[in-house]
Amino acid sequence: QVQLVESGGGLVQAGGSLRLSCAASGHIFRINDMGWYRQVPGKQREMVAGITSGGSTNYVDSVKGRFTISRDNAKNTVYLQMNSLKPEDTATYYCNAEAIATSTLRNRNYWGQGTQVTVSS
């Protein structure tokens with residue numbers, strides 16, 4: 001199967017920056033779309049940013065101009081550069097990938113374990 005491992009979360013003051021990374025590993029045939037979601041307790045998980053295998057990106061309106069998603073296909077890794085962070089960005093951030101494992105040859109959705117981002121005012 002495919003495993004996703006996030007890193008880079010932490011505590012930062014408002015206006016600061018963080019960079020999240022998510023590395024995919026396992027028996028990977030191909031990784032298609034990748035993205036970042038976030039969730040706060042009591043609320044639904046929301047998509048923050050997505051990127052296709054070709055590099056096309058999309059963002060939720062609240063992070064446009066502040067966050068940048070990128071990926072390194074050779075390393076099976078997706079990044080989220082977060083600048084000008086606000087307290088309302090505080091959440092658990094999850095990496096997501098649509099990937100095909102060599103064992104199944106079927107496109108499936110995979111999730112990381114989540115990394116906490118806390119922005120203090």
Side-chain angles (χ1 to χ4, degrees):
Q1 299 299 324
V2 177
Q3 297 82 40
L4 301 177
V5 178
E6 301 111 334
S7 60
L11 173 64
V12 65
Q13 288 189 332
S17 298
L18 283 174
R19 189 191 195 211
L20 305 182
S21 300
C22 171
S25 63
H27 302 286
I28 300 170
F29 178 75
R30 185 170 68 237
I31 298 178
N32 297 314
D33 295 351
M34 302 185 82
W36 289 94
Y37 289 68
R38 65 187 179 187
Q39 188 171 24
V40 298
K43 292 190 176 181
Q44 284 191 329
R45 190 173 297 187
E46 69 167 351
M47 192 278 292
V48 176
I51 185 167
T52 68
S53 57
S56 297
T57 60
N58 64 293
Y59 300 91
V60 67
D61 286 346
S62 60
V63 308
K64 286 180 180 178
R66 300 188 298 120
F67 291 10
T68 302
I69 189 170
S70 61
R71 64 191 285 174
D72 184 331
N73 290 331
K75 296 181 178 179
N76 291 330
T77 299
V78 63
Y79 307 96
L80 186 67
Q81 178 66 44
M82 304 184 293
N83 299 328
S84 302
L85 282 160
K86 303 176 181 180
E88 51 264 42
D89 294 318
T90 296
T92 301
Y93 284 70
Y94 296 90
C95 175
N96 175 266
E98 289 187 358
I100 300 173
T102 55
S103 59
T104 64
L105 294 181
R106 291 186 176 185
N107 196 36
R108 286 185 56 187
N109 211 26
Y110 294 91
W111 292 93
Q113 80 285 356
T115 185
Q116 179 66 35
V117 172
T118 303
V119 184
S120 63
S121 57

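The analysis underlying the following values was restricted to heavy atoms, covering all of them including side chains, and did not include hydrogens, waters or symmetry mates. It should be emphasised that the depicted structure is a prediction, and the values quoted were computed from it without experimental measurement.
Taking OG of S21 as the start and CD of Q81 as the end, the distance is 9.5 Å to the nearest 0.5 Å. Rounded to the nearest 0.5 Å, atoms OG1 (T68) and CZ (R19) are 10.5 Å apart. Here the straight-line distance linking atom CD of Q1 with atom CD1 of I28 works out to 11.0 Å at 0.5 Å rounding. R71 CZ to D33 CG: the interatomic distance, rounded to the nearest 0.5 Å, is 7.5 Å.
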- Task: Report the C-alpha distance between N58 and M47 in whole Å, list the side-chain angles of each, state the deciding distance to 0.1 Å, and finish with yes or no for side-chain contact (heavy atoms from CB on, under 4.5 Å).
- Result: CA-CA 10 Å; N58 64 293; M47 192 278 292; 3.0 Å; yes
- Task: Test side-chain contact (heavy atoms from CB on, under 4.5 Å) on S103 and H27 and set out the steps.
- Result: CA-CA 7 Å; S103 59; H27 302 286; 5.7 Å; no
- Using the side-chain contact (heavy atoms from CB on, under 4.5 Å) rule, take V119 and M82 through it: C-alpha gap first, then chi angles, then the decisive distance, then the call. CA-CA 11 Å; V119 184; M82 304 184 293; over 6 Å; no
- Message: Assess the residue pair N96 and N109 against the criterion (side-chain contact (heavy atoms from CB on, under 4.5 Å)); give the C-alpha distance rounded to whole Å, side-chain angles, the decisive distance to 0.1 Å, and a yes or no.
- Response: CA-CA 7 Å; N96 175 266; N109 211 26; 3.0 Å; yes
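A ring pair (Phe, Tyr, Trp, His ring centres under 6.0 Å) with Y37 is found for one member of W111, Y93, Y94 and no other, namely W111. Screening E46, R45, Q44 for a side chain to side chain donor-acceptor pair (under 3.5 Å) involving Q39 leaves a single residue, R45. Between C95 and the choices V5, L20, V78, the side-chain contact (heavy atoms from CB on, under 4.5 Å) rule is met once, by V78.
Between the side chain of E6 and the main chain of Q113, a donor-acceptor pair closer than 3.5 Å is present. Side chain of Y59 to backbone of I69: a donor-acceptor contact under 3.5 angstrom is found.
Checked by atom type, the side-chain pair N83/S17 shows a donor-acceptor distance below 3.5 Å.
Salt-bridge annotation for D89 and K86: absent, with no side-chain N of the basic residue lying under 4.0 Å from a carboxylate O of the acidic one.
Taking all atoms of both residues into account, the shortest heavy-atom contact from A97 to I31 is CB-CG2, 4.3 Å. Minimum heavy-atom separation, G9 to V117: CA-CG2, 4.2 Å. When all heavy atoms are compared, the tightest approach of N73 to S53 is ND2-O, 3.3 Å. Taking both residues in full, the closest heavy atoms of A101 and V2 are given as CB-CG2, 4.2 Å, listed atom of the first, atom of the second, then distance. Heavy-atom minimum distance, T90 versus Q116: CG2-NE2, 4.0 Å.
Here the side chains of N32 and I100 are in contact, with some heavy-atom distance below 4.5 Å. In this structure, the side chains of D72 and Y79 come closer than 4.5 Å at one or more pairs of heavy atoms. Side-chain atoms of L80 and R38, non-hydrogen and from C-beta on, never get closer than 4.5 Å to each other.
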